[in-house]
Amino acid sequence: MGTDSVAGGQTTGEDATADEGNARSDTIMLIRVDGRTDRTHVVSIPRDSWVDVPGHGMNKINAAYAFGGPTLLVQTIEQLTNIRVDHFAIVDFFGFRAVTDAVGGVTVTVPFETNHHGHVFRAGPQKMNGDEALAYVRQRTNLPRGDFDRVQLQQSYLAGLLTTVRSDVSVLDFGTARDLISAIKGAVTLDSALTNARKLKFAWQLRGLQAKSITFLTVPYTGTGMEGEQSVVYLDDELAARMWTGLRSGSIDEVGSDDFNEFRYKAN
């Protein structure tokens, strides 16, 4: 979860100095790591997705975080997908910059040229520091497809971050892994079940992770519309259900994968 908090200081991680208030979750990604293979699947859920929020009726999915924090957002996602969420991580703008800078910057394969807040992002590999990366993933109104293009940029950043962690911040070295985990703890809020031992085990599990083993998807949608004064995204219930079933069973790469091509981003 990435929050849109505009507080005067960091609101996530152990280094937090401010209260996030009624922040919404502008970035929502559901990540499945297959413990039997090297496959990892990342599904982005557009922030304006029109869903049933437990106890609040139909609303944008990012409102769930404002109504009830990570607990309600997790409940909303579990209800939507029928998938148990084992762990969660929350990062705000300050924490995002901190993590990016902690790994010495992230090399992102930019899918198409854009510019935002004085930064020019040309198509192809580009190394970004925290400020540049934040400007990159926050783009929306200047993009042809708005939030749908922003999801693609966010996925390209995550692919770059994971590749950077694997190649430049070697998790094969437990000392280095501990340093990275320390930086993440300071910047990112994690659920209490993610103990230091589990974090190290997880880092070790991902030691062979490569961009080509990660599948990035967006939950299928039929289009956008208006609910009152709100611009919303309508999900394709039938196709989304097939995606969730594939994720639960670990068969998403085989079952109906061609149907998801429109909603797939290939990390380079």
Enclosure of [X] [atom1] (heavy-atom neighbours >12, cutoff 6.0 Å):
X    : atom1 : value
E238 : CD    : no
H87  : NE2   : yes
R122 : CZ    : no

Kindly indicate whether the side chain of [X], heavy atoms from C-beta on, has any atom under 4.5 Å from the side chain of [Y].
X    : Y    : value
R150 : R145 : no
T215 : R264 : yes
T76  : V51  : yes
F216 : V43  : no
Y234 : E227 : yes
P46  : D147 : no
Q75  : L72  : yes
L217 : S44  : no

When you compare the side chains of D92 and T12, does any donor N or O come within less than 3.5 Å of an acceptor on the partner? yes
Go through the side-chain N and O atoms of R248 and T245 and say whether any donor and acceptor fall under 3.5 Å apart. yes
Are D26 and R24 ion-paired here, with the side-chain N under 4.0 Å from a carboxylate O? no
Where do [X] and [Y] come nearest, in terms of heavy atoms and distance?
X    : Y    : answer
V110 : M128 : CG2-CE, 3.8 Å
D149 : P144 : OD2-CD, 3.4 Å
V99  : A187 : CG2-CB, 3.8 Å
L235 : S49  : CD2-OG, 3.6 Å

Expected output: side-chain N142 to main-chain N115 donor-acceptor under 3.5 Å: yes
One should read off an interatomic distance between E132 CD and H116 NE2, to the nearest 0.5 angstrom, of 13.0 Å
Going through the checks in order, is the ring-ring contact (aromatic ring centres under 6.0 Å, His included) test met by F148 and Y221? CA-CA 10 Å; F148 299 128; Y221 52 86; 4.1 Å; yes
Could you walk me through whether R39 and D34 satisfy the salt bridge (Lys or Arg N to Asp or Glu O under 4.0 Å) test, starting with their C-alpha distance in whole Å, then the side-chain angles of each, then the deciding distance to 0.1 Å, before giving a yes or no? CA-CA 6 Å; R39 298 300 305 165; D34 192 327; over 6 Å; no
F96 and Y157: CA distance, side-chain angles, deciding distance, ring-ring contact (aromatic ring centres under 6.0 Å, His included) verdict: CA-CA 11 Å; F96 179 90; Y157 167 84; 4.7 Å; yes
Identify whether V108 and V151 are in the same connected component of the hydrophobic contact network (ILVMFWY, side-chain heavy atoms under 4.5 Å). no
Can F67 be reached from W50 by stepping across I, L, V, M, F, W or Y side chains whose heavy atoms are under 4.5 Å apart? no
According to the interplanar angle, ranging from 0 to 90°, do the rings of F121 and Y136 count as parallel (below 30°), tilted (30 to 60°) or perpendicular (above 60°)? perpendicular
Using the six-membered ring of Y65, assess whether NZ or CZ of R47 lies under 6.0 Å from its centre and within 45 degrees of the ring axis. no
